[in-house]
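Letters A, B, ... are given to chains in the order of the sequence lines, protein chains preceding strands, and every chain is numbered from 1.
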Amino acid sequence: MNLHEFQSKSILMEKGVSVPRGLVVYDALEALVAARSLKADKIVLKAQAHSGGRGKAGGISVMSIDDDVRSEAGRILRMNLVTNQTGPQGKPVSALLVEEAPQIDEELYLGVVLDRNDGHVTVMASPAGGMDIETIAKESPEKIYLVKVDPLRGLCPFQSRGLAYKLASKNLIANQIAKAVTALYEIFVSYDCTLAEINPLVVSGEKVLALDAKINLDDHALFRRPEMAGLRDRSQEDPVELSARQAGLSYIKLDGDIGCMVNGAGLAMATLDLISIHGGAPANFLDVGGGASEQVVADATNILLDDTRVKVVFINIFGGILRCDVLARGVIRAIKERGLQLPVIARIEGTNIELGRKLFADSGLQIQMIPSLDEAAELVVVKAKELSAS
Amino acid sequence: MNLHEFQSKSILMEKGVSVPRGLVVYDALEALVAARSLKADKIVLKAQAHSGGRGKAGGISVMSIDDDVRSEAGRILRMNLVTNQTGPQGKPVSALLVEEAPQIDEELYLGVVLDRNDGHVTVMASPAGGMDIETIAKESPEKIYLVKVDPLRGLCPFQSRGLAYKLASKNLIANQIAKAVTALYEIFVSYDCTLAEINPLVVSGEKVLALDAKINLDDHALFRRPEMAGLRDRSQEDPVELSARQAGLSYIKLDGDIGCMVNGAGLAMATLDLISIHGGAPANFLDVGGGASEQVVADATNILLDDTRVKVVFINIFGGILRCDVLARGVIRAIKERGLQLPVIARIEGTNIELGRKLFADSGLQIQMIPSLDEAAELVVVKAKELSAS
Amino acid sequence: MAILVNRESRVICQGITGRNGTFHSIACRDYGTNMVGGVTPGKKGTFVDGIPVFNTVEEAVLETGANVSLIFIPAAHAKDPILEAVDAGIKVIVCITEGIPPLDTASALYTVKQKGSVLIGPNTPGIISPTEKCKVGIMPGYIHTPGPVGVISRSGTLTYEVVDQLTKAGMGQSTCLGLGGDPVVGLSFVDCLKMFKDDPKTEAVVLIGEIGGSAEEQASEYIKGEFRKPVVAYVAGKLAPPGKRMGHAGAIISGGSGTAQGKIEALTRAGVTVVENLTKVGQAVRDILL
Amino acid sequence: MAILVNRESRVICQGITGRNGTFHSIACRDYGTNMVGGVTPGKKGTFVDGIPVFNTVEEAVLETGANVSLIFIPAAHAKDPILEAVDAGIKVIVCITEGIPPLDTASALYTVKQKGSVLIGPNTPGIISPTEKCKVGIMPGYIHTPGPVGVISRSGTLTYEVVDQLTKAGMGQSTCLGLGGDPVVGLSFVDCLKMFKDDPKTEAVVLIGEIGGSAEEQASEYIKGEFRKPVVAYVAGKLAPPGKRMGHAGAIISGGSGTAQGKIEALTRAGVTVVENLTKVGQAVRDILL
């Protein structure tokens, strides 16, 4: 679950990290009032949407207080923000953050992630913050300082201090950086984040400010922070993906016309690859998961059939915990309830396979069973092309 | 810093451990009203004083609600409680805890300490709780179950469960015991205790109750829990020891007539031993500490001279951080301010010794300087005996 | 021979009285696994289809000499039983549970490594050694057959797919294990390759990777340097959706690795036979070994 | 030769710009110690009487090759600098600070031991090797003289007392160290005896114990079993006040050990010369060695 910049900044503030003065608004007139109330010469309007690259996409404006703040705010609030991270469909702008634009003397970088390779929470800091940090990481890795945190001991004050003195020599600044490092780490572990990042952390005169912040939470640990559920902004999520997740499914929309239902993320990815090898284009990634019930399978089937772009349905299941009979019952129930309009090609294998095959065979539905995965994939692609052509 | 039983129980309750219903009262009539309000057939009156062995000393009464609760409460509240732990001077009773007396099916023991030998917080549990637990520990150590807690990992739920299932087989009971174990451990570490103990933890029907509890806090860590200062009961402390501690001194009253001022706990203990070898009896243990200032030394001198039992003062200092000149200045200042009435024998050695000797010599005070520690101790004892005889 | 588990393994199931615990404990025993006990707090003295249940792992180990544990405990509480198994001296811990908060896994894993145990998973189908008739996991046993091929995978169903092909191609398996699909897991490809290197019954290894992380890149380095048995690999996710980007931090820590193409290239450079069509993996192994 | 510190030790002081840090850093250097630097966050680039100051221990180690650290940091914040020293690779850490919350010490000590470093203290006068002209602590240097006697003590001033006697009796010292007076300390008598055993310059050891704990009893066991050099011991606290009882728990965990009489008996049984009159320790050593 991703948080907006303003939500992330509010958590940082609670932990004692300074951020530029600002207000969150939802319409253009409010934006103007907010801008004036800041009593700053220069202000910045920032589109609140779950994506990086907002600046390049026109979602961030630095203005003088004498400029036409209201019009500009209106423009941003009405935007559909298309960045290099959103895909062509873009993201709506949920709110506008109106902030004073502080003097910027230096741009630093702070980030915390869990390094999958060694299982250590890793704190990263660099004196070269800002939008080019990824390039810096590739080309001048010596400018990125890392602290691997011992999972049981946690981040120690001396480690925060150590990073801070690598980024600043003045005590006044280093102490504020150390405080930000500790705060960001504590946020990461206490909120079970997948990412906690301040980029840039700016030195502004004698102050250190988090100019932008990104905090993403791990969905698997949200049960520990039920109060965070209120911060979820559903308008930033694809409605189909959202309802799929609520049904316990992992679904991602793609651009093609072959609806896929697979169990297991690995096999689901492999299925997309296989369709592609045969020249087809999947409409989605859909993993029904390991322990799906009949209901979940039925929900998955409905999600596929609801997608008007889908021309053929491809079911590829290798039953482990998910038994083939449960799968068959779920699919059959969903199709019978709505009446079948699309061709379905199923390749099933694994636990209770005989029973599953029999259920499909006895269902009276026109579901084509192909035992060979490769042949099934090929056939699906051929079918999809026929239906496209017709 | 020690807590009273009722204060310990209130912390346990906050952490979800059940205790018998009860009320704290400060006079006999209140006790009667409290007893009646509990609506229990049997009640128990418990003297609140910082000592174990209250029962044997008459500080605990189990009564029927029809007995003369008021008289008995009055008797206990007026007691000076002399137990095997208080010394002959005893302890006043600060308050009375009036509790329902629950049915007792089993008496268990739970305790948490820091094991000095290995630096591990150690959780102890035994199915044989009650007053005989120390005997059990010596004679049947297999009945005491220990968990050594990894300092970084902390106590894990499975460890609490493991202890609980060694004390009880019924799930309903074991779950409550496990909860009490976890709570007691958490209290120990979050309050920096020197001891957290529930003895006995009783099984009463389907409930598990902390019948008695003892929580002692480490004075060195009280800075982390400033709110606990309010729980200190100064009436339970010797006023001289208390004022010594407030002056930064470590002072313990003993039974003899030789007032001792020493630096360092080890040398202070050794000085007592040496006086005893020569047939004398020290009036106190007094460690002025490593970094004592002139003021602290003056305070220490006054504490010694205030003690009317003291016949001779013995100053034994081996200067390290504490410089001999600082020592001399403090002693001289205190004696000059009040006028010297008692013989003082000083043996000083160590940092700035020449300057210290000179200060004493030039002070015009009758302070006898003896370079040899053994001779000094011998002389002190002789002087004390002379003065006792005269 | 096999790696990690074998005919002598004495296996317990933590969470044996739950639905999955019961089902798979019995399925493992049916396959041939020496299931010596189970653990569910408060259920001591009961039996699951003849398998004795204990309150704690410590008790189970004392009574049965167990040295392998199969864990089915809901994600929110799964850290504790892993630590319980380690502390009781269990050497191989197979954690099936999916969706454990990664910081919990990371913390438990630290202790696992410190005490010299091995964690398979979490979010793994488990481990199976057909040659040893020992299955500690949830994979359908019947698709496996004894033979010379070791299988290491980051994905559950993808493993079944490959194993099924291998069996149908006449290529039996020595040991198959799933590393687990969670962000933090106990074993890496390299850890397993080291074990397969020393296992005389394993003549070739199939490595099933996927996008994300750098486990395949590290395996490539290791294979190039030290691994002399033939390796066939498949990497899922060439067409994978870009997924949720982890801000800059993800890119910084991964240093640009993690794409399917990058992994395929690294493996190919290390001399691994990389198969692009999933359905051809079995055949590729057959071509190499026969 | 000596134990733990010597002529080659490169010593830094954490907290060097504080009053005690400055005073004792210079006093140690005056004694002959190789004081190569100091650490006070934010004071990098400054000097304390010519000794360079760094922001972090890591920097100090990089710049000076330091391997020993002397810590003067207020008790409430002393855990962090111990960990900082360990992580920076310092092998011998001498923590003078008194009154550190014992749970902080216990937690820091865990890491110290895990990383193979040694913690002397906390609440110790430190360590001094007169033969090596190296003092890392706060003891008055002038009372020491080089010689064959090792001194291990749980008490500061009591050590000075004994060392003074030894020097006056013509018995010089190889190394003297204070274990520290806090409930949890880094080294035990046994740890130090093992080091003195292997130190050819140490011919006899004086062990200064006191009531509480079981360090002396453990030392007795070790001496009886493996330690062949003569040991003279003094145990303070025969007449000690009963002190604050630690409820039942203290008695249970100590199992009845901890009294001065018990310790004296255990040491005597182990063949140690136990001196009851503190002022006779120097003479007792002289009687044994001459």
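Between B:R347 and D:E161, at least one side-chain nitrogen of the basic residue sits less than 4.0 Å from a carboxylate oxygen of the acidic one, meeting the salt-bridge criterion. Taking a cutoff of 4.0 Å between a charged side-chain nitrogen and a carboxylate oxygen, D:K263 and D:E217 qualify as a salt bridge.
Chain B forms more heavy-atom pairs under 4.5 Å with one residue of D:G156, D:A75, D:A27, D:P102 than with any other, namely D:P102. Of all the listed residues (B:D255, B:I275, B:L267), the one sharing the greatest number of non-hydrogen pairs under 4.5 Å with chain D is B:L267. Your options are D:P140, D:G99, D:S155, and the one with the most heavy-atom pairs under 4.5 Å with chain B is D:G99. Note on B:I317, B:V262, B:V121, B:D150: by heavy-atom pairs under 4.5 Å with chain D, the leading option is B:D150. If you tally non-hydrogen atom pairs under 4.5 Å between each of B:G350, B:A221, B:A377 and chain D, the highest count goes to B:G350.
Contacts with chain B (heavy atom to heavy atom, under 4.5 Å) involve these residues of residues 273-282 of chain D, listed by number: D:E276, D:N277, D:L278, D:T279, D:K280.
For D:V235, the part lying near chain B is the backbone, with the side chain staying farther off; criterion is any non-hydrogen pair under 4.5 Å. Residue B:H50 does not touch chain D at all, counting heavy-atom pairs closer than 4.5 Å. Neither the backbone nor the side chain of D:Q165 comes within contact range of chain B; no heavy atoms are under 4.5 Å apart. Contacts between D:F23 and chain B at a heavy-atom distance below 4.5 Å are absent for every atom of the residue. In this structure, chain D has a heavy atom under 4.5 Å from the side chain of B:I277, while its backbone stays farther away. Heavy atoms closer than 4.5 Å to chain B are found in the backbone of D:D182, but not in its side chain. Heavy atoms of B:P282 lying under 4.5 Å from chain D belong exclusively to its side chain. Contacts between D:L109 and chain B at a heavy-atom distance below 4.5 Å are absent for every atom of the residue. Proximity to chain D (any heavy atom under 4.5 Å) is restricted, for B:D218, to the side chain, taken from C-beta onward. Residue B:L217 does not touch chain D at all, counting heavy-atom pairs closer than 4.5 Å.
Looking at D:S107 and D:K79, their side chains do bring a donor and an acceptor atom within 3.5 Å of each other. Side-chain polar atoms of D:T167 and D:T145 form no donor-acceptor pair below 3.5 angstrom. Looking only at atom types and distance, the side chain of D:S188 has a donor-acceptor partner in the side chain of D:D191 under 3.5 Å away.
Cation-pi geometry between B:R225 and B:Y191 is met: the NZ or CZ atom falls under 6.0 Å from the ring centre, inside 45° of the normal.
Shortest non-hydrogen contact noted between B:N284 and B:C260 is ND2-O, 2.9 Å. In plain terms, the two heavy atoms of B:G266 and D:E210 that are nearest each other are CA-OE1, 3.8 Å. Shown here for D:L207 and D:A219, the closest heavy-atom pair between the two residues is CD1-CB, 4.2 Å. Residue B:L3 comes nearest to B:S8 through the heavy atom pair CB-OG, 3.7 Å, listed as atom of the first residue, atom of the second, then distance.
Checked against side-chain contact (heavy atoms from CB on, under 4.5 Å), D:A215 has the following partners two or more places apart in sequence or in another chain: D:F189. B:F318 meets the ring-ring contact (aromatic ring centres under 6.0 Å, His included) test with D:Y160; sequence neighbours excluded. Partners of D:H144 under the ring-ring contact (aromatic ring centres under 6.0 Å, His included) rule, at least two apart in sequence or in another chain, do not exist in this structure.
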